[in-house]
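What follows is a short report on a single structure.
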Amino acid sequence: MKTNLKIPFALPYITDDEIKAVTDVLRSGWLSMGYKTIEFENKFAEYIGSNYAVATNSCTSALFLSLKALNIKEGDEVITTTFTFAATGNVIVHCGAKPVFVDIDEKTYNIDSHQIEEKITDKTKAIIVVHYSGQSADMKKIMKIARDYQLNVIEDAAHAAGGTYEEGKKVGSLGNLTCFSFYATKPMTTGEGGIITLNDEKLYEKLKILRLHGISKDAWKRYIEKDSWYYEVLEAGYKCNPTDVASAIGLPQLKKLDWLNERRREIAKYYNEQLQDLDLIPPYIKPRVKSTYHLYPIRLIKYNRDKFIKEMAKKGIVTSVHFIPLHLMPYYQKTFRYKKGDFPVAERVFENIVSLPIYPQLTEDQLEYIVKCIKEILR
Ligand SMILES: *Cc1c(COP(=O)(O)O)cnc(C)c1O
């Protein structure tokens, strides 16, 4: 069958609100970090229900600064899932620490909370939890383990802005530090960007210093306050701040976030209904969790995954795979002696998982077409 439909895997949702926000900030004359960023941080913290928020230039920077703020250093171990994006593991390495991977739960694809305790040693300092596809991990059990062993918990909530935990609270309020991504394909975007939400005042002050060269005053204060040329370097800090251009995009995006997530939940519901009689496993979401459905990953039971991706591409539909487990990556195998077979569940899931397009702009026609193509291929 011939069609002109071309369906990309992901698309940012940009309207005149974001375009006006950008032109306004460009005309204001202040492009680097300033009042727009402060406004965005305040609004984001308010939305999440956290005491503080620190905006960054990416979620990767947010994760890295969080580890640094917790003083993670050479010789330390940080526990995390193997089923995640490169950034989650890389930032641990950047601190000189060792990433200690844990296998995943076969239903939710989140870190298997029952396998965490056996990985804890006297070197373990923190756990990085990833809320895969926007569904929160088993935080109740993970926070209990963290309390029992006095570990810090960083949440990699790159997929989960606006999602909730099982107890109904918004993701971003349980861990010590929660990192969100505003990359172009994530639940909300600023082009590139990230943010850390937290409640601890000392960590908040430390993060702000680490984010901008380790200096004691933020850039706008240096220029705005009288006699404000003076500053002190308290640490060899980093350059991880966002621009006000990015933060200006974040403000209207944040206003839309609940709607964007709701729209994706509707699409997920449609997929769930339409795909139920096929040889595939749809995403499983725990009854009390609200997922953002950043991803809609299915597992193919009989059909070859790689062939499926090619067949879908022939029909103009782009799909993707989340994730190739980190312990299968050459760097992690070479450096930390991980090998195939270490995490059988993640390997089994990776073997046949594929993510379908899921974003608010998908029209009914496009969704019908995607479902029709999947049925044609699998039958
Ligand atoms: C996208 C992503 C990141 C990195 O986010 P950036 O904002 O691109 O740095 C980290 N972790 C996970 C799980 C991601 O999907």
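Keep in mind that this is a model prediction, so the values were computed, not measured. Numbers here simply count residues along the sequence, with the first being 1. Just so you know, ligand 1 is whichever comes first in the structure, and atom 1 is the first atom listed for that ligand.
- Applying the salt bridge (charged side-chain N to carboxylate O under 4.0 Å, His left out) test between E41 and each of R211, K208, K36 identifies R211 as the sole match.
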**Message:** side chain to side chain contact (heavy atoms under 4.5 Å, CB included), that's the test. Do T124 and Y149 meet it? Break it down for me.
**Reply:** CA-CA 9 Å; T124 310; Y149 293 87; over 6 Å; no
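- Residues F44 and M188 meet the side-chain proximity criterion, which asks for heavy atoms closer than 4.5 Å.
- In terms of protein heavy-atom proximity, atom 7 (O) of ligand 1 is nearest to S181 OG, 2.7 Å.
- Between E351 and R348, none of the side-chain N atoms (NZ, or NE/NH1/NH2) sits under 4.0 Å from a carboxylate O, so this pair counts as no salt bridge.
- In this structure, E77 does not pair ionically with K98, as no charged nitrogen and carboxylate oxygen lie closer than 4.0 Å.
- Contact check for D156 versus L63: side-chain heavy atoms found under the 4.5 Å cut-off.
- Note: no N/O pair closer than 3.5 Å links V130 and ligand 1 by distance alone.
- Remark: ligand 1 atoms within the under-4.0 Å shell around heavy atoms of C59 are 4 (C), 5 (O), 6 (P), 7 (O), 9 (O).
- Of all atoms in ligand 1, numbered sequentially from 1 with element shown, those under 4.0 Å from a heavy atom of T60 are 4 (C), 6 (P), 9 (O).
- Those atoms of ligand 1 that come under 4.0 Å of a heavy atom in T84, given as number and element, are 13 (C).
- Between K186 and ligand 1, an N or O atom pair is found at a separation short of 3.5 Å.
- Near T88, meaning under 4.0 Å from one of its heavy atoms, ligand 1 places the atoms 11 (N).
- Atoms of ligand 1 lying under 4.0 Å from any heavy atom of G193, numbered from 1 in the order shown and given with element: 7 (O).
- Formation of a donor-acceptor pair under 3.5 Å by the R265 side chain with backbone atoms of S291 is found in this model.
- No N or O atom of Y183 sits closer than 3.5 Å to an N or O atom of ligand 1.
- Those atoms of ligand 1 with a heavy atom of H159 less than 4.0 angstrom away are 13 (C), 14 (C), 15 (O).
- Scanning the protein for heavy atoms near atom 11 (N) of ligand 1, the closest one is D156 OD2, 2.7 Å.
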**Request:** Show the numbers, then the answer: is there a salt bridge (Lys or Arg N to Asp or Glu O under 4.0 Å) between K339 and D342?
**Result:** CA-CA 6 Å; K339 57 187 187 313; D342 282 349; 3.0 Å; yes
